[in-house]
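For reference, the structure discussed in these notes is given below.
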Amino acid sequence: MLRPKPPTMPQPTGTLTPPAVVVQPTTITPATPTPPPAPLVPAPSRPTVQLTPGTALALVGGGTAVVLVVGAVLVSLLLAVAVTGVSIAVVAVVLRLLVNDLHKGR
């Protein structure tokens, strides 16, 4: 059966040199005590939305544009269905007249 082969890490090709900078140990000085942090006031979970007259007007204008576009699309779809239905009805009447004319001609 098939056995998985673990991947092998490639060996580095160049030689590694140690860093030239040597860090000297420093002495640790005790720090001054810090006062406890002040209690944080929790932020409101939902930011309040402030509507200025300009943004309200923009929202009304955008909503009106959306309603007009959706209305135009729906009216055009209704008009297309109506025209298709009328054309099918005309074709049906013409075919019926032709079929009746063929039967009477015998």
Side-chain angles (χ1 to χ4, degrees):
M1 291 312 258
L2 298 175
R3 292 188 183 180
K5 179 182 176 185
T8 57
M9 294 293 294
Q11 296 298 323
T13 56
T15 58
L16 297 177
T17 58
V21 178
V22 176
V23 178
Q24 298 292 330
T26 58
T27 58
I28 298 175
T29 57
T32 59
T34 59
L40 296 175
V41 177
S45 61
R46 294 178 59 187
T48 57
V49 176
Q50 297 178 355
L51 289 177
T52 62
T55 56
L57 187 62
L59 286 174
V60 169
T64 304
V66 167
V67 166
L68 289 176
V69 168
V70 169
V73 168
L74 290 178
V75 167
S76 65
L77 286 173
L78 182 62
L79 183 62
V81 169
V83 168
T84 303
V86 168
S87 64
I88 289 174
V90 168
V91 168
V93 168
V94 169
L95 284 176
R96 184 176 176 190
L97 289 174
L98 288 174
V99 168
N100 284 340
D101 198 25
L102 284 176
H103 285 295
K104 287 182 183 177
R106 283 189 177 178

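Worth saying up front: this structure is predicted, and the values here are computed from it rather than measured. In this chain, residues are counted from 1 in sequence order.
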Check residues 51-61 and write down every donor-acceptor pair under 3.5 Å in which the side-chain atom is one partner and the other belongs to a residue at least two apart or another chain.
| unit_1 | atom_1 | unit_2 | atom_2 | d |
| --- | --- | --- | --- | --- |
| Thr52 | OG1 | Thr55 | N | 3.4 |
| Thr52 | OG1 | Thr55 | OG1 | 3.2 |
| Thr55 | OG1 | Thr52 | N | 2.9 |
| Thr55 | OG1 | Thr52 | O | 2.9 |

Under 3.5 Å, which donor-acceptor pairs do the side chains of residues 71-79 form with other protein atoms, sequence neighbours left out?
| unit_1 | atom_1 | unit_2 | atom_2 | d |
| --- | --- | --- | --- | --- |
| Ser76 | OG | Ala72 | O | 3.2 |
| Ser76 | OG | Val73 | O | 2.7 |

Show which side-chain atoms of residues 81-97 pair as donor or acceptor with protein atoms under 3.5 Å away, not counting sequence neighbours.
| unit_1 | atom_1 | unit_2 | atom_2 | d |
| --- | --- | --- | --- | --- |
| Thr84 | OG1 | Ala80 | O | 2.7 |
| Ser87 | OG | Val83 | O | 3.2 |
| Ser87 | OG | Thr84 | O | 2.8 |

